[in-house]
Amino acid sequence: MSENVVHLHKRTDPPTDDTAPTVLTVVPDAPPVRPVPLWVRSGRALKTAATHEKTKATMRAAARHSLYTFNGSRIVARRTWDGRTGSRYERMIRAAEAAGNLEAAEEWEERLQRFRAARHHRRMDLLHSPVEAAKGVAVGAGMSVGVLVALGVVMAINTGHVADVVTPLSATIDFIALLIRIVQVVWGPALTIGPFLALLALWSVGRKQQAAPNWALPANVRNGEGEPITPSIVVKALRDLGVPALRNAIKEMGDAGASMLGPITIAGCGVEVDVTLPSGVSTNEVQNKRRKLAENLTRHEHEVFITIPTAARTVRLWIADSGALDEPIGPSPLVTDDTMTADYAKGKAPWGQDLRGDAAALSLYQRHLLITGLSNQGKTVALRSLALWLSLDKSVQFLMGDLKGVGDWAMFDGLATTLIQGPTDEHVIQVTEMVEGAVDEMNRRIQAPPGTVFPPLIVLVDEAQVAFMCPAKDEDKRPYGGSKANSRYFMAVRKIHNQGRAVNVLMWQGTQDPTNENLPKLVREGAHTRASLALGTESQARMALGDKAVDGGAAPNLLRPGLDRGTLVVASDGITIPAGQSSITVRTHYIDDDAAAAITDRAKAMRDGVTTLHAIERGDEHDPLADIAAVVGDAPRVRTKDVLARLATRNADAYGGWSFIDLKRVLDDAGAEPYKSDGVMVVARDRVARALANRDTEGSASADG
């Protein structure tokens with residue numbers, strides 16, 4: 001039995017009093033601590049050192065740079081072999097045959113034959129080159145010696161010393177000897193340093209091509225972002241997409257799927273490639289896997305776009321360079337070119353850039369417009385940039401309603417005939433009556449004689465969802481908002497959509513978060529140009545752009561809210577869309593408020609002056625002569641048809657049915673008759689003001705009498 005070892009410890013706790021006895025306690029002895037063997041400690045230290053991140057990084061760096069040199073030599077050897085043989089041409093022939101492109105295969109075959117003929121010619125020349133070189137050296141040496149001797153004779157005649165005959169020849173020999181000595185001195189170090197320089201060159205080639213395993217590459221390269229798009233990467237991404245029929249078809253193809261791909265072409269800040277899908281795989285199976293396809297291509301989802309071209313069973317992939325879509329596109333030409341003007345009928349508004357980096361311009365001629373998207377995504381700026389360009393055509397007239405009312409459209413004061421700003425029900429009523437006034441103007445134009453040309457009238461309502469959702473009703477209990485047959489705003493917009501295009505009365509609307517409640521189906525389908533910024537769901541995308549555009553690959557719901565601000569998907573025949581596609585993605589230029597004000601100042605300088613109305617006058621009481629003076633404003637003269645249009649906008653009930661005869665009657669009675677200027681009938685401001693002053697004076701005199 002083992003012996004129990006005990007120790008007697010005297011308790012050190014202070015006693016409660018002086019007479020307390022000393023207490024002895026029995027405490028068993030603790031087991032002895034055995035030292036860890038040296039080999040265990042060494043093993044643990046080695047394991048810690050081997051698994052430390054710095055050690056791993058060092059080992060990866062050593063392997064990476066060694067493999068850079070080794071694989072760089074392989075790359076150089078392969079390039080040399082390709083340059084000396086026809087293997088490059090043979091590879092291209094095989095690829096063309098695998099893709100079924102026999103014309104390209106024949107062309108590469110012809111190039112291979114020309115290469116072989118040229119190589120044979122060079123080899124035959126080498127057989128005769130030594131003899132020709134020897135003859136050339138002999139002739140050259142003889143001529144050189146002769147020239148040097150002749151030069152020496154001239155020097156001897158000049159100096160009178162016979163020894164100068166050999167001076168040029170002697171100097172040449174000394175120079176050659178100096179070159180030999182320089183070569184002897186440099187040759188040794190060159191032989192020593194040369195191999196190191198060669199290894200450095202091979203390492204540089206390998207490093208540039210990232211010729212090392214993925215695990216040995218740096219972390220910022222190992223994640224694959226920014227990796228160039230090659231045919232093998234595209235095929236591998238499609239194979240790993242999770243579509244069994246596609247994966248099996250690629251495995252069964254003799255060319256490992258290369259025949260599915262068209263040429264990979266550079267397209268702006270990315271590349272584009274058409275993929276012909278094998279039988280049994282539908283295009284929507286690839287479209288529905290956009291996120292996974294992007295990740296397989298080492299890209300983010302927003303950097304890969306899938307569209308459907310005209311060819312059957314084909315998808316078109318546009319793959320952006322990593323991070324390229326997060327870079328700004330630069331200022332608008334409207335800001336950088338202060339001489340730019342607009343042409344409503346023949347011109348196109350510079351709106352931004354497409355994904356290829358090409359300028360995206362939109363024709364506004366006789367096209368109703370609808371722009372929608374989530375809040376704070378750049379809708380107002382995108383809509384305003386189109387109006388800014390069109391304002392540089394002095395024939396264009398604007399009726400504007402901003403139902404946000406924070407000043408986004410304030411720079412059009414003095415440019416728009418009507419500008420109503422505010423979010424209340426009263427503002428909605430004013431905007432509704434403004435649109436109804438445009439309907440009256442449209443009807444007047446329709447009833448004009450055939451062949452009459454009318455200036456463009458743009459009826460623009462921003463934040464139109466406020467109007468559609470307005471609960472206010474008029475005195476006849478007709479609602480201003482809603483989408484029923486008695487809804488005043490809805491019916492006014494529908495009437496302009498139905499007939500306004502023919503007489504250049506166009507409806508532009510911007511709205512948020514499209515739903516059936518705040519953007520009725522008949523209204524959104526009446527727009528010729530439909531554009532959408534980032535949206536939340538596919539159903540909203542279908543409401544914004546239509547089923548055809550979404551089925552063709554348009555996906556504003558996949559844009560990133562906040563990050564893709566100002567990027568919109570456009571479905572319109574007024575913009576150049578690649579063949580076979582139903583929409584195009586545009587990154588719009590950003591024009592801030594100060595730049596917008598500078599553009600409208602230029603537009604105002606081009607015009608005679610516009611008096612902007614900020615409210616629609618209602619009621620039976622009206623003064624035709626005073627109203628004419630108000631709409632003429634500060635302009636020296638205004639065309640009669642413009643006066644009629646402004647009067648109809650000011651008070652549709654009173655002046656909506658006016659013709660030139662009615663206007664002339666009022667002016668003739670007041671002594672302010674219209675007259676011709678440059679071939680058109682105009683109303684003079686001074687005449688109207690004088691008639692109004694005389695009338696007021698006569699009225700005062702009558703009252704005094």
Side-chain angles (χ1 to χ4, degrees), residues 344 391 393-399 414-419 434 436-459 503-505 603-617 619-700:
Y344 161 75
S391 69
D393 183 341
K394 62 182 181 180
S395 68
V396 178
Q397 302 171 2
F398 292 97
L399 303 178
L415 187 61
T417 305
T418 301
L419 177 60
M434 178 191 75
E436 289 175 338
V439 173
D440 293 336
E441 169 63 13
M442 176 189 72
N443 292 332
R444 185 188 68 82
R445 293 183 177 190
I446 292 174
Q447 296 171 8
T452 306
V453 179
F454 300 101
L457 176 61
I458 306 299
V459 186
V503 289
N504 283 332
V505 177
K604 293 172 187 177
M606 299 169 58
R607 302 172 185 244
D608 295 332
V610 176
T611 301
T612 299
L613 303 179
H614 297 281
I616 305 298
E617 296 184 0
D620 297 331
E621 296 295 332
H622 60 276
D623 184 346
L625 187 60
D627 288 343
I628 292 172
V631 299
V632 169
D634 297 331
R637 63 188 65 85
V638 179
R639 292 184 297 182
T640 54
K641 62 179 181 179
D642 293 340
V643 173
L644 288 169
R646 296 176 187 179
L647 286 173
T649 302
R650 184 181 182 90
N651 192 334
D653 294 335
Y655 306 115
W658 268 33
S659 65
F660 173 73
I661 301 300
D662 300 311
L663 177 63
K664 186 175 186 301
R665 174 179 50 79
V666 172
L667 293 175
D668 288 347
D669 292 344
E673 300 85 353
Y675 64 96
K676 275 194 174 182
S677 176
D678 295 331
V680 296
M681 296 299 293
V682 298
V683 177
R685 178 193 61 190
D686 294 341
R687 291 188 180 186
V688 176
R690 184 167 57 250
L692 192 60
N694 293 337
R695 187 192 67 177
D696 294 341
T697 301
E698 293 173 359
S700 299

Report task. Given side chain to side chain contact (heavy atoms under 4.5 Å, CB included), test Thr452 with Arg445 step by step and report yes or no. Result -> CA-CA 8 Å; Thr452 306; Arg445 293 183 177 190; over 6 Å; no

Requested in this report: Report the C-alpha distance between Thr611 and Val631 in whole Å, list the side-chain angles of each, state the deciding distance to 0.1 Å, and finish with yes or no for side chain to side chain contact (heavy atoms under 4.5 Å, CB included).
Outcome: CA-CA 6 Å; Thr611 301; Val631 299; over 6 Å; no

Report task. Give the C-alpha distance, both sets of side-chain angles, the deciding distance and a yes or no for side chain to side chain contact (heavy atoms under 4.5 Å, CB included) between Val683 and Thr640. Result -> CA-CA 6 Å; Val683 177; Thr640 54; 3.8 Å; yes

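Side-chain atoms of Ser395 never come within 3.5 Å of backbone atoms of Pro455 as a donor-acceptor pair (strictly under, hydrogens ignored). A donor-acceptor pair is defined here as one N or O able to donate and one able to accept, closer than 3.5 Å; such a pair exists between the side chain of Arg607 and the backbone of Asp393. Using a distance-only test at 3.5 Å, with no hydrogens or angles considered, no donor-acceptor pair links the side chain of Asp668 to the main chain of Arg665. Put simply, the side chain of Arg687 gets close to the backbone of Glu673: a donor and an acceptor are under 3.5 Å apart.
When all heavy atoms of Ser677 and Val682 are compared, the closest pair comes out as CB-CG2, 3.8 Å. Looking at every heavy atom in both residues, Ser391 comes nearest to Ala603 through O-CB, 3.4 Å. For the pair Gly414 and Thr612, the tightest heavy-atom approach, listed with the atom from each and the gap, is N-OG1, 2.7 Å. When all heavy atoms are compared, the tightest approach of Tyr655 to Pro624 is OH-CA, 3.2 Å. Of all the heavy atoms in Ser659 and Leu644, the pair that sits closest is O-CD2, 3.6 Å.
Summarising the geometry, atom CD1 belonging to Ile458 is positioned 11.5 Å from atom OG1 belonging to Thr417; distances are rounded to the nearest 0.5 Å. Distance CG/Asp642 to CZ/Arg646: 5.5 Å, rounded to 0.5 Å. Atoms CG and CG, from Leu663 and Leu647 in turn, are 7.0 Å apart once rounded to the nearest 0.5 Å. Between atom CZ of residue Phe454 and atom CD of residue Gln397 there is a gap of 11.5 Å, rounded to the nearest 0.5 Å. Interatomic distance, CZ of Phe398 versus CG of Leu419, reported as 11.5 Å (0.5 Å rounding). Annotation: the span from Met681 atom CE to Arg639 atom CZ amounts to 13.0 Å, rounded to 0.5 Å.
Leu457 has its side chain out of reach of Asn504: every pair of non-hydrogen atoms, C-beta onward, lies at least 4.5 Å apart.
For the side chain to side chain contact (heavy atoms under 4.5 Å, CB included) test with Val459, the passing option among Met434, Glu441, Met442 is Met434; the others fail.
Taking a 6.0 Å sphere around NZ of Lys664, one finds it holds 12 or fewer heavy atoms contributed by other residues, nucleotides or ligands.
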